[in-house]
Amino acid sequence: MLKSLSAAVSIALAVSTGHVAAESKSSVTIASPWEVASYDPAVAGFAIQKLQIMENLVDADTTGMLRPGLATQWKASDDGLNWEFTLREGVRFHDGSAFDADAAVFALTRAWEQPGVLKKAPITDIAAQNGKVVITLATPFTALPAFLAHATTIIPAQAAFDTEGKPKALIGTGPFSVSTFTPPQSISLTRNDAYWGENAKLETATYLAAGRAETRALLAESGDADIIFTLDAAGYSHLQHVDTIETSAVPIPRVVALKVNAGHAFFNDAKARQALSLAIPRDGIARAITRFPEAAANQLFPPALNSWHSAEIEPLRTDIEAAKALLADLGWVAGDDGILTRNGERFAITLRTFPDRPELPLIATALQDQWREIGIELEVSVASYSEIPAGHQDGSLHVALYARNYGVTADPVGAVLQDFGQGGGDWGAMGWENSKVADALSIIASTTDQDLRQESIATVTGVLQQELPVIPVVWYQHTVSVDKNLKSVVIDPLQRSYGLSEMYWAN
Amino acid sequence: MTDFFKSVFAVLAARGLQAVIVAIIVGIVSFAMMHALPGDAAYRIAAGRYGYDMMDAAAAEAVRLELGLDNPWMVQLWDWLGQLAQFDLGNSLVYGTPVVDEIATQLGYSLLLAGGAVVASLIIALPIGIATGLAPNGLLDRVTLGLSVFLRAVPAFALGIVLVLIFAVQLKLFPVAGFRGLENLILPSFTLGIGLAAVSNRVVRDAVVDAMNSDWQMFARTKGLSARLTLTRHVLRNASLPVVTYVGVQLAYLIEGVVIVETVFAWPGIGHALVHAIFGRDIAMVQGTALTLGLLYVALNLCVDLACRGIDPRERV
């Protein structure tokens, strides 16, 4: 304890060499809202992967196209049950130990035992065979390589764990190694000169978690941080007028959606869910709250997911009168105070949401106001997001507003299968099942025939648009500000990488 | 001199006993409060660990199993007290890292910030308080009273942003946020220090006024001491007693009460960590942090007691 205390003091007392280094042109400072406090890939993998400290067997480009990572190639057996991953040779971890099949199997087995994407795949065994990694499945699952590109399946060195198997260090194979880790606020990186690929151009980089959007905007304006992720609307519009900074908004596969308990007597008819949808002022929300008018979600899957987004599908619209008519069809009659009643029951429901994404409570209150117009009394409950899966499990949930990332894996089939497959999902359908969708999803998950796959995707999106077990509200834009002198900055819509290894400073 | 050590020993013994009692009460109360919170702990811990993109009921059940959250609360409390008796605070339920490591790092940063804030407040409050105390109800006294009320009323969050805008963005004298070096300490210290000085300069002023109106001050002047010597030998020493006591109180408030300032300046302190731990239902972390803060109060009171005994010989006579 004393050691750490004195370390903290000495860092703070150290004369400002660090700050000067950040001003020179071989270092970059990234600021984002997400704190990192763990060495565990299952918990902190999202940051470890983005900072290129650890790598996956499979990599993905910004369009979600898979490409070799620590595995150079992979193939499935004819029955689709055995996957063989050939590993890259001559790769070393930051501590000098060799990356091999044993290291990969160790890391993947651990990931498989933890909550994470691998738990959602039909895996029965992970083993090392002749220097290759072999994964055995219970049923064919074509998205397996995409799952191995996910942040929770990064490969740490065995030395990163203590004797009890608890993670205790951040040791990977990536182009950057960790020089200082100060949880939960900051990670300092140094270039890994023994990297198997092309060495990074930057010598050092710093990641700073700044929880407040105001702080991040000020970091950008003062030049203390060179790249800022996730700005609030006010900060974003202010930074657009700062000369030294370039701002951009990149559409990402995250959608704000409403989960509706279709098992509830109020919502078991698709017409009721359609009425809710017709009374959502998507354009207004996109313009006034999230401030990107083009991001009003007229279907569930955003344009960033090009194989799931459809230009042909009939877009969702807003029409208060049509919503009222649908509810009247279902036997709802307006009472004296304007709230609908049916068989003596008031249309009073609770919406659960959470404050971690500051726009969600705002959208919830907009819905509260708008739904009142069609005679629905909505109470908004803002609490921990864990109340949503908890309410799904115990059946107490009416509607929930949340943000769902369908780009968690490069191939969204994993998340879609969880949300709309048999039995629905904690972050998807509730009390709703559709055999057409379930069948189509099992085809999508297992077929290698691209035409059949695309046809099945169209079936799924068509039914979801009509039945609305989950009602889309707005899509997300990833807001970023970058120092104009920093070159070769690529903003990854899948948020797998900050692209540090490519960046360099113009003179 | 032996009297002095006797009195110091008495203070140490009393505070030592107090520390043990505080540790037990804080441990049990924080445990009880965490268990009284609504909502399922396994779900909250899973949420804190995996984030909303990865958290679901299956993850919550895995957490429940891993941490033994199904055990009766008495078993859990007994386990924790048993660990505590061996000076083991356990591992963070959310991050899996030893609680003692987390607290050590964060407490170090918090103490640094609290110390910086007190120094900043003294730099401001002492000269102003002494000057206004020597000329009570003068123009300076009235102006600083108005300013004190205003600065006390401004939330630290707003003050911090204003200081950043002026000194970091416009003048580029200090960095905006983070903790790379000593220069990072200046703005958050003054953000907190200005708020503290707004009150403590009045405490200094009142103490000086009292001392200046006292009989012994009169006596010192009558026996022929100059005004300057009376001030430095008698007035300041007497006036420092309430000030030292008050600074002790402030320091305690600072170490835990700086959550917003820590968040604005991205400073990894213990207040920030405690709030996150409560949200994430990280019982081990909350207990460890509360315990540390409780003991820190005892230690601060001890320091204040000893300082007062050093300053004031009457306690030892």
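Lettering of chains follows the sequences in order, A, B, ..., and the numbering in each one begins at 1. Worth saying up front: this structure is predicted, and the values here are computed from it rather than measured.
Other residues, nucleotides and ligands contribute over 12 non-hydrogen atoms within 6.0 Å of the CZ atom of B/F157. More than 12 heavy-atom neighbours from other residues, nucleotides or ligands sit within 6.0 angstrom of NZ on B/K172.
With a 4.5 Å cut-off on non-hydrogen atoms, A/A37 touches chain B through its backbone and its side chain both. Both the backbone and the side chain of A/E221 come within less than 4.5 Å of a heavy atom of chain B. Only the side chain of B/T97 comes within contact range of chain A, with heavy atoms under 4.5 Å apart. Only the side chain of A/K120 comes within less than 4.5 Å of a heavy atom of chain B; its backbone N, CA, C and O stay farther away. The contact between B/V164 and chain A is made entirely by side chain atoms (from C-beta outward), counting heavy-atom distances below 4.5 Å. Both the backbone and the side chain of B/A177 come within contact range of chain A, each with at least one heavy atom under 4.5 Å from a heavy atom of that chain. Residue contact with chain B, scored on non-hydrogen atoms closer than 4.5 Å, is absent for A/R216. The part of A/T206 that comes within reach of chain B is its side chain, from C-beta onward, which places non-hydrogen atoms under 4.5 angstrom from that chain. Within the 4.5 angstrom heavy-atom criterion, only side-chain atoms of B/E102, from C-beta onward, approach chain A. Looking at A/L208, only its side chain comes within 4.5 Å of chain B, counting heavy atoms on both sides.
For the set B/G39, B/A59, B/A57, the count of heavy-atom pairs under 4.5 angstrom toward chain A peaks at B/A57. When each of A/G211, A/A415, A/S384 is checked for heavy-atom pairs under 4.5 Å with chain B, A/S384 comes out on top. Counting heavy-atom pairs under 4.5 Å between each of B/G51, B/A60, B/G96 and chain A puts B/G51 at the top.
A/F354 and B/Y52 have tilted rings, their planes meeting at an angle from 30° to 60° on a 0 to 90° scale.
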Worksheet entry | B/R49/A/D40 under side chain to side chain contact (heavy atoms under 4.5 Å, CB included): CA gap, chis, key distance, verdict | CA-CA 10 Å; B/R49 271 193 199 177; A/D40 193 341; over 6 Å; no

Item to complete: Apply salt bridge (Lys or Arg N to Asp or Glu O under 4.0 Å) to the pair A/R212 and B/E262, showing each step before the final yes or no.
Response: CA-CA 10 Å; A/R212 295 206 66 96; B/E262 284 175 356; over 6 Å; no

Worksheet entry | From CA spacing to verdict: side chain to side chain contact (heavy atoms under 4.5 Å, CB included), A/F46, B/D53 | CA-CA 10 Å; A/F46 71 96; B/D53 285 337; over 6 Å; no

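Interatomic distance, CZ of B/F265 versus OG1 of A/T215, reported as 8.0 Å (0.5 Å rounding). With values rounded to the nearest 0.5 angstrom, A/N405 atom CG is found 10.0 Å from B/M54 atom CE. Note that the CD atom of A/Q185 and the CD atom of B/Q106 stand 8.5 Å from one another [nearest 0.5 Å]. To the nearest 0.5 angstrom, A/Q393 atom CD is 7.5 Å from B/E61 atom CD. In this structure, CD1 in A/I388 is found 10.0 Å from CE in B/M55, a value given to the nearest 0.5 Å. Atom CZ of B/R180 sits about 7.0 Å away from atom CG of A/D224, to the nearest 0.5 Å.
When all heavy atoms of B/F179 and A/S186 are compared, the closest pair comes out as CZ-CB, 3.5 Å. Annotation for A/S222 and B/A168: closest pair CB-O, 4.1 Å, computed over non-hydrogen atoms.
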